[in-house]
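Just below is one structure, and these are the notes that go with it.
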Amino acid sequence: MTNADPIALIDQSLRVAIRAAFGEGFDDVDPILREAQKREFGDWQANVAMSLGKRLGKPPREVAETILDQVDFGDVVSESSIAGPGFINLRLSPSAVAAALLAMDTPSLGVANDPSDHPVAIDMVSVNVAKRMHVGHLRSAVIGDAIARTLERRGRTVIRQNHLGDWGTPIALVLAQLRNNGVNLDEVTLEDLDTAYREAQANAKADRRGAEATRRFFAGSHRHAELEAQNEGADEVIAAAKQDLVQLQAGDPELHADWRKMIDCTLDAVQETIDLLGVRMRRDSDKGESFYNDQLAGVVDAFLASGKAREDDGAIVVDFPDRDRPMIIRKRDGGFLYATTDLAAIRHRTHDLNADRILYIVDIRQRDHFRDVFEASRMLGWDTCADGLAAELNHLGFGTVLGADGKPLKTRSGTNASLMGLIEEAIRRGTDAVLARSQDPSAPTHGLSEEDLGRIGRAVGIAAIKYADLSSDAAKDYVFDMDRMVAFEGDTGPYLLYAHARICSLLDRAGGVPNGAQFQPHEPAEKDLGLQLLGYAKVVHQVSHSLEPHHLCGYLHRLAGLFASFYQQCSVLKAEDPAVQASRLRLCDLVRRVLSDGLDLLGMESPQRM
RNA sequence: GCGGGUGUAGCUCAAUUGGAUAGAGCACCGGUCUACGAAACCGGCGGUUGCAGGUUCGAAUCCUGCCAUCCGCGCCA
């Protein structure tokens with residue numbers, strides 16, 4: 001915040017006034033400044049009088065009057081009044097808004113860096129080897145990317161961690177299946193892998209009760225429950241796979257080479273999808289379960305040595321003081337579990353990566369799992385970095401993607417909808433719309449090359465999908481309705497892109513912002529737009545803490561809406577007074593940059609035309 | 001059975017974390033383009049915030065009890 005920040009100035013003035021009016025003991029009273037919810041009331045309001053009234057035993061309105069008698073807002077506030085039970089309503093002077101806009105009109109747009117120099121580790125996407133990506137991965141990728149970009153915007157180093165499901169009996173089963181099928185792994189496609197995966201699954205469960213296993217099989221990514229094939233009483237297929245796994249672990253060169261090829265094939269396909277989605281993640285983000293494999297025995301030993309784990313019916317478990325269900329970290333047969341791997345991963349991320357914040361962008365149904373793992377890791381101090389700083393461990397759990405019927409989104413055949421298919425359809429529909437509009441000779445996109453139009457269509461389609469995913473509370477389920485998303489009307493990603501594109505062409509026609517342009521937000525629409533702009537840094541800071549991108553979506557949508565109103569009410573190019581025109585152009589330019597910056601944090605492109 | 005989430009306009013979602021008359025979008029009705037881009041703007045219709053109590057100046061938000069619904073619950077990941 002700069003010293004031109006009118007809200008900080010008002011806050012300070014009120015604190016001084018409260019101290020002066022009520023004496024010592026009222027040194028540090030929060031004026032409870034809030035944005036006014038309705039413009040009729042004012043721009044901002046202070047709600048301190050109500051709580052202070054109680055403390056002083058005086059009517060809140062009287063308290064408010066006393067404060068206003070004492071306060072000196074300088075020329076920041078143009079109008080103040082008392083309303084209702086004791087709200088202090090304030091209207092900012094145009095000059096104060098102008099000064100604040102001037103202060104934020106810098107490359108940073110007022111967004112401050114986070115002081116921490118530790119990296120942040122984000123566990124996101126987390127695909128399963130040999131499986132196609134499906135909608136279950138969409139949210140982790142989109143939300144994770146938005147969070148990562150927001151933290152990077154604040155100067156943090158973000159280490160994306162693709163916690164691959166690349167180890168264990170499931171993977172061994174697929175390998176065995178591939179060899180049975182005589183598949184040449186040098187030319188293997190993800191299709192082959194996916195098929196082998198399904199066949200392996202079918203074989204594994206053929207000899208056993210299938211219903212429950214089938215239900216789990218279709219549940220989602222490996223971080224959900226994809227293969228229910230590790231129960232005791234393994235049949236021959238599983239026994240053989242476990243044998244393979246032992247050999248693989250022992251370093252059998254041929255098996256290891258096949259295993260690598262399988263991973264490479266999967267990840268090449270993943271990369272293609274990730275790139276098309278515009279999610280920033282590369283192969284150097286890969287750190288799968290296999291990475292932690294040789295640390296798992298040590299994890300269990302550490303818990304045993306510290307007395308935090310005990311043996312129970314042959315298994316090793318960790319107890320929690322407030323829960324009766326323990327967490328198993330080693331099975332009776334000596335095998336390790338998902339929890340064991342996650343404990344190793346936390347230790348790696350604090351001890352080796354030095355991360356002071358570890359975020360998990362994983363389905364919310366795993367809340368209990370992460371609660372257990374986080375708490376257990378704290379028992380051994382594995383949440384602390386080398387410098388003694390305790391890392392913040394956070395599970396950003398997201399809800400399920402539902403179809404129009406309100407049930408988890410599936411294809412007609414009942415399998416999980418392919419993520420690539422969804423993305424391609426969104427892009428196709430975005431491109432169709434862009435192409436159709438470019439037919440109009442007066443359209444700004446008229447005459448653009450097919451390549452350019454395709455690029456714009458892609459940006460529009462992707463923005464539609466992402467905005468739908470990001471604009472509501474991540475923890476809740478949401479209905480994936482392609483028709484609504486790509487209607488491109490109302491509260492959608494394309495609406496934001498459209499606002500941005502209009503500003504671009506406006507500035508284009510004007511030849512940019514004139515030298516010496518000064519902010520003069522006198523018209524109500526100009527001032528409202530200006531006030532909204534001033535809130536940008538705050539919302540970015542907020543999202544980087546709360547991990548709620550939907551607040552940024554809401555902010556940008558309001559900004560775009562206020563711009564649309566302003567655009568309707570205030571002529572820019574036709575403004576008669578050159579100073580007014582210059583002011584409006586500068587305002588437009590600032591809106592454009594904030595929109596573009598905000599869209600980028602959400603992982604969306606902002607084309608100049610659409 | 002135990003634990004957790006959710007419940008807001010016909011539909012999809014918000015609500016600055018306890019503030020004023022609960023807001024948007026879609027749908028519906030009515031206005032605004034020989035154009036600073038109508039993917040837009042302006043107005044209208046639409047609510048007992050699941051129900052019942054409680055806390056206080058003030059509750060969608062906090063507490064208690066119900067109802068509905070979804071999810072999780074030791075050797076799967």
Side-chain angles (χ1 to χ4, degrees), chain A residues 32 34-38 40-41 45 47 50-51 53-54 59-60 83-87 89 128 165 168-170 213 216-217 219-232 289 312-317 323-333 335 337-339 341 364-369 397 399-400 433-434 437 440 442-445 460 468 471-473 475-479 481 484 487-492 494-495 497-499 501-502 504-506 509-510 535 538-539 542 546 550-551 553-555 557-558 561 564-565 567-575 609-610:
Chain A
I32 318 181
R34 296 287 128 89
E35 232 171 294
Q37 346 212 328
K38 287 183 184 272
E40 301 96 86
F41 298 144
Q45 62 180 239
N47 298 342
M50 277 84 78
S51 58
K54 190 178 181 68
F87 296 104
N89 288 331
N128 202 41
T169 317
R216 287 180 170 254
F217 176 66
S221 80
H222 79 107
R223 277 207 177 275
H224 303 174
E226 228 151 19
L227 199 53
E228 192 263 358
Q230 298 185 20
N231 289 346
E232 57 182 318
E289 294 173 330
D312 181 29
D313 194 20
I316 306 299
V317 302
R323 272 163 275 171
D324 47 5
R325 179 183 51 77
M327 177 176 73
I328 300 178
I329 56 174
R330 194 176 78 195
K331 296 189 283 182
R332 191 188 305 146
D333 68 3
L337 299 101
Y338 190 44
T341 311
I364 196 157
R365 287 174 293 185
Q366 294 194 48
R367 185 190 290 236
D368 290 349
H369 164 74
T400 305
V434 170
R437 283 161 199 280
D440 181 346
S442 69
T445 49
V460 170
S471 59
S472 63
D473 187 350
K476 295 188 184 176
D477 296 350
Y478 83 99
V479 177
D481 182 342
R484 182 152 38 81
F488 307 147
E489 280 161 13
D491 189 5
T492 63
Y495 175 85
L497 266 52
Y498 181 65
R502 284 207 294 189
C504 286
S505 60
L506 196 59
R509 282 168 182 258
K538 187 178 161 195
V539 77
Q542 183 195 350
S546 71
H550 76 282
H551 282 139
C553 291
Y555 170 87
H557 180 247
R558 280 190 297 279
S565 296
Y567 183 81
Q568 201 74 22
Q569 289 169 42
C570 302
S571 292
V572 178
L573 298 180
K574 294 177 194 158
R609 290 182 254 185
M610 66 183 274

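Since the structure is predicted, the reported quantities are computational estimates derived from the model, not experimental observations. Throughout, protein chains are lettered first and strands after them, A, B, ... in sequence-line order, and every chain is numbered starting at 1.
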Review point. With side chains defined as the heavy atoms from C-beta onward, is the minimum distance between A:R325 and A:D368 less than 4.5 Å?
Key: yes

Practice item. Measure the shortest side-chain to side-chain distance between A:S51 and A:I32 over non-hydrogen atoms and say whether it is less than 4.5 angstrom. Key: yes

Review point. Start at the 5' end of RNA chain B and walk down; is the nucleotide closest to A:V317 or to A:G561 reached first?
Key: A:G561

Review point. Which sits closer to the 5' end of RNA chain B, A:R367 or A:P494, going by the nucleotide each is nearest to?
Key: A:R367

Would you mind classifying the nucleic acid contact of [X] as base, sugar-phosphate or nothing, using non-hydrogen atoms under 4.0 angstrom?
X: A:P444; result: base
X: A:A575; result: nothing
X: A:C570; result: base
X: A:A315; result: base
X: A:M327; result: nothing
X: A:S505; result: base

To the nearest 0.5 Å, how far apart are [atom1] in [X] and [atom2] in [Y]?
X: A:H550; Y: A:D473; atom1: NE2; atom2: CG; value: 5.0 Å
X: A:Y555; Y: A:Q542; atom1: OH; atom2: CD; value: 12.0 Å
X: A:C553; Y: A:R558; atom1: SG; atom2: CZ; value: 10.5 Å
X: A:L337; Y: A:I316; atom1: CG; atom2: CD1; value: 11.5 Å
X: A:T492; Y: A:H557; atom1: OG1; atom2: NE2; value: 7.5 Å
X: A:N47; Y: A:N89; atom1: CG; atom2: CG; value: 8.5 Å

Practice item. Tell me whether B:C71 sits syn or anti, counting syn as a glycosidic angle within 90° of 0. Key: anti

Review point. With syn defined as a glycosidic torsion within 90 degrees of 0 and anti otherwise, which applies to B:U17?
Key: syn

Would you measure the distance from the [atom1] atom in [N] across to the matching atom in [M] and give it in whole Å?
N: B:A35; M: B:A39; atom1: P; value: 15 Å
N: B:G23; M: B:G1; atom1: P; value: 40 Å
N: B:U49; M: B:C67; atom1: C1'; value: 16 Å
N: B:G31; M: B:C45; atom1: C1'; value: 15 Å
N: B:C29; M: B:G46; atom1: C1'; value: 12 Å

For [N] and [X] - does any side-chain N or O of the residue sit under 4.0 Å from the phosphate oxygens OP1/OP2?
X: A:R502; N: B:A39; value: no
X: A:K54; N: B:G58; value: no
X: A:R365; N: B:G5; value: no
X: A:Y567; N: B:G37; value: yes
X: A:R323; N: B:G3; value: no

Exercise for review: Anything under 30° is parallel, anything over 60° is perpendicular, the rest tilted; go ahead and classify A:Y338 against A:H369.
Suggested key: parallel

Study note, to complete from the structure: Checking B:A24, B:A38, B:C76 against the side chain of A:K331 (C-beta onward), the nearest is B:C76

Practice item. Measure from the side chain of A:L337, starting at C-beta and using heavy atoms only, and say which of B:C76, B:G74, B:A39 lies closest. Key: B:C76

Point to revise | nucleotides 6-20 of chain B: protein proximity per nucleotide (B base, S sugar-phosphate only, - neither; heavy atom, under 4.0 Å) | key: SS----SSSSBB-BB

Point to revise | Polar side-chain atom of A:R332 near backbone of A:D313 as donor-acceptor pair, under 3.5 Å | key: yes

Please list, for nucleotides 47-50 of chain B, all pairs of protein and nucleotide N/O atoms separated by less than 3.5 Å.
none

**Study point:** Side-chain donor/acceptor of A:D313 to base of B:C75, under 3.5 Å
**Key:** yes

Check your understanding: Counting heavy atoms not belonging to A:D324, are there more than 12 under 6.0 Å from its CG?
Key -> no

Revision key, fill the gap. RNA chain B in dot-bracket form (Watson-Crick or G-U pairs under 3.5 Å, [ ] crossing, | inter-strand) is (((((((..((((.....[...)))).(((((.......))))).....(((((..]....))))))))))))....

